[in-house]
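These notes are about the structure you will find just below.
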Amino acid sequence: MEHAQMNTPLAERYAAVRHRLETAVRRAGRAPADVTLVAVSKYHPAEAVAAVAALGQRDFGENYVQEALQKQEALAGEDILWHCIGHVQSRKAKDVAGRFALIHTVDSEKLAHNLHKALWRPEDDTCPVVQDVLLQVNIGEEVQKSGIDAAETARLAETVLQLPTLRLCGLMCLPPFFDDGEAARPFFAALRKLRDDLELSLGVPLPHLSMGMSGDFEQAVEEGATIVRVGTDIFGPRPPRP
């Protein structure tokens, strides 16, 4: 990979986000390694992803399956970990299973079972790939958003834990949008408590909380986020969807 240009607007935005994240992590009394930045690259071209990867960013999030697969093919030689952060229809499970380092948006038993079927080899009862997943929780109880109700999370978690091709790693949420990150803080705290309660009731570690975006990731870090998803503040305004 060519050396990244450090004085471009893209590089400056990326550096500013890294600085904000590092400051939030220190303020929360946490270690830098505790929080992973996922650069959300939806609608942005593969060239922009490569430019940010050249700055040292490794984790990238995509919302749309077909767009993600196209970028994965275009950037096959890059050292990139891809995250699926958008809603996945159950019928699309075969297109995402095994193709992402982490799927953040498992929100139904049907999707979980279809991911399992896509990875399981019935001819010899083996699973050559184990897919890391998070459960998406509709923590704000918004009818227009995907995600399972908080009260149903334990049942879905139990289902996923019974599927040998899936590894349950934690929870994800997309709280109500607020310009003021402080307004999102109670939702982040609620997701953390839900995760903590699940760890106790299920007896398994759930290390990850994927929460926080451009406008509120500092508050998410303070409330325990291990993964933050930042798009616009890195890549700039999104172009129209292709």
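Everything numeric in this text was worked out from a predicted model, so none of it was measured.
- Across all non-hydrogen atoms, the minimal contact from Ala93 to Leu111 is CB-CD1, 4.0 Å.
- Clustering ILVMFWY residues whenever any of their side-chain heavy atoms sit less than 4.5 angstrom apart, transitively, puts Phe100 in a cluster other than the one holding Val40.
- In this structure a side-chain-to-backbone donor-acceptor pair under 3.5 Å is missing from Glu218 to Ala24.
- Without hydrogens or angle criteria, Asp216 side chain to Met213 main chain gives a donor-acceptor distance under 3.5 Å.
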Glu22 and Val25: side-chain contact (heavy atoms from CB on, under 4.5 Å), yes or no, with the steps? CA-CA 5 Å; Glu22 290 162 7; Val25 169; 5.7 Å; no
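- Heavy-atom minimum distance, Lys145 versus Asn138: O-ND2, 3.5 Å.
- The nearest pair of heavy atoms linking Ala225 to Val35 is O-CG2, 3.5 Å.
- For the pair Val230 and Leu37, the minimum side-chain heavy-atom distance is below 4.5 Å.
- A donor-acceptor contact shorter than 3.5 Å links the side chain of Arg99 to the backbone of Asp95.
- Taking the six-membered ring where the residue is Trp, the centroids of Tyr64 and Tyr43 are separated by under 6.0 Å.
- Using a 4.5 Å heavy-atom threshold, the side chains of His116 and Pro164 count as touching.
- Not a single donor-acceptor pair under 3.5 Å links the side chain of Arg192 to the backbone N or O of Ala220.
- Residue Glu141 places its CD atom among 12 or fewer non-hydrogen atoms of other residues, nucleotides or ligands, all under 6.0 Å distant.
- No single ILVMFWY cluster, assembled from side-chain heavy atoms under 4.5 Å apart, contains both Val38 and Phe60.
- Put simply, NZ on Lys71 and CD on Glu78 are 13.5 Å apart, with the number rounded to the nearest 0.5 Å.
- The two atoms that bring Ser108 and Ser90 nearest to each other are OG-OG, 4.2 Å, heavy atoms only.
- With contacts defined as side-chain heavy-atom distances shorter than 4.5 Å, the pair His113/Leu163 qualifies.
- In Glu73, the CD atom is not crowded: 12 or fewer heavy atoms of neighbouring residues, nucleotides or ligands sit closer than 6.0 Å.
- Pairing each heavy atom of Leu166 with each of Val160, the nearest pair is CB-CG1, 4.0 Å.
- Leu21 and Phe235 fall within a single hydrophobic cluster, where Ile, Leu, Val, Met, Phe, Trp and Tyr are joined by side-chain heavy atoms under 4.5 Å apart, directly or via other members.
- Contact check on Glu222 versus Arg185 returns a salt bridge, with a Lys/Arg side-chain nitrogen under 4.0 Å from an Asp/Glu carboxylate oxygen.
- In Arg121, the CZ atom is not crowded: 12 or fewer heavy atoms of neighbouring residues, nucleotides or ligands sit closer than 6.0 Å.
- Considering CG of Asp132 and NE2 of His83, their distance stands at 10.0 Å, rounded to 0.5 Å.
- Distance alone, capped at 3.5 Å, places no donor-acceptor pair between the Arg229 side chain and the Gly61 backbone.
- Under the 4.5 Å side-chain heavy-atom criterion for ILVMFWY residues, no single connected hydrophobic cluster contains both Leu174 and Val221.
- Inter-residue side-chain proximity for Val133 and Arg167 is flagged as unmet; no heavy-atom pair is nearer than 4.5 Å.
- Here the shortest heavy-atom pairing between Gly212 and Phe188 reads N-CE2, 3.8 Å.
- Atom SG of Cys84 and atom NE2 of His104 lie 8.0 Å apart (nearest 0.5 Å).
- In this structure, the side chains of Trp82 and Leu75 come closer than 4.5 Å at one or more pairs of heavy atoms.
- Remark: side-chain polar atoms of Arg20 are paired, donor with acceptor, to backbone N or O of Ser214 under 3.5 angstrom.
- Rounding to the nearest 0.5 Å places CD1 of Ile227 at 5.5 Å from CG of Leu134.
- A donor-acceptor pair shorter than 3.5 Å cannot be found between the side chains of Thr165 and Gln131.
- A salt bridge does not link Arg155 with Glu158: every distance from a Lys NZ or Arg NE/NH1/NH2 to an Asp or Glu carboxylate oxygen is 4.0 Å or more.
- Side-chain polar atoms of Thr105 and His87 form no donor-acceptor pair below 3.5 angstrom.
- Atom CD of Glu67 and atom NE2 of His44 lie 9.0 Å apart (nearest 0.5 Å).
- Using a 4.5 Å cut-off on side-chain heavy atoms (C-beta onward), Leu135 and Asp107 make no contact.
- We find the OG-CG distance between Ser210 and Leu191 to be 9.0 Å, quoted to the nearest 0.5 Å.
- Judged purely by atom type and a 3.5 angstrom limit, Glu62 has no side-chain atom pairing as donor or acceptor with the backbone of Ile85.
- The side-chain heavy atoms of Asp149 and Glu152, taken from C-beta on, include a pair separated by under 4.5 Å.
- Residues Asp34 and Thr226 form no side-chain contact, since every pair of their non-hydrogen atoms from C-beta on lies 4.5 Å or further apart.
- Between Arg13 and Asp233, no side-chain nitrogen of the basic residue sits less than 4.0 Å from a carboxylate oxygen of the acidic one, so the salt-bridge criterion is not met.
- Under the side chain to side chain contact (heavy atoms under 4.5 Å, CB included) test applied with Leu171, the options Met211, Gln136, Arg195, His208 reduce to a single match, Arg195.
- In terms of hydrophobic clustering, with Ile, Leu, Val, Met, Phe, Trp and Tyr side chains grouped at heavy-atom distances under 4.5 Å, Ile139 and Leu198 are assigned to a common cluster.
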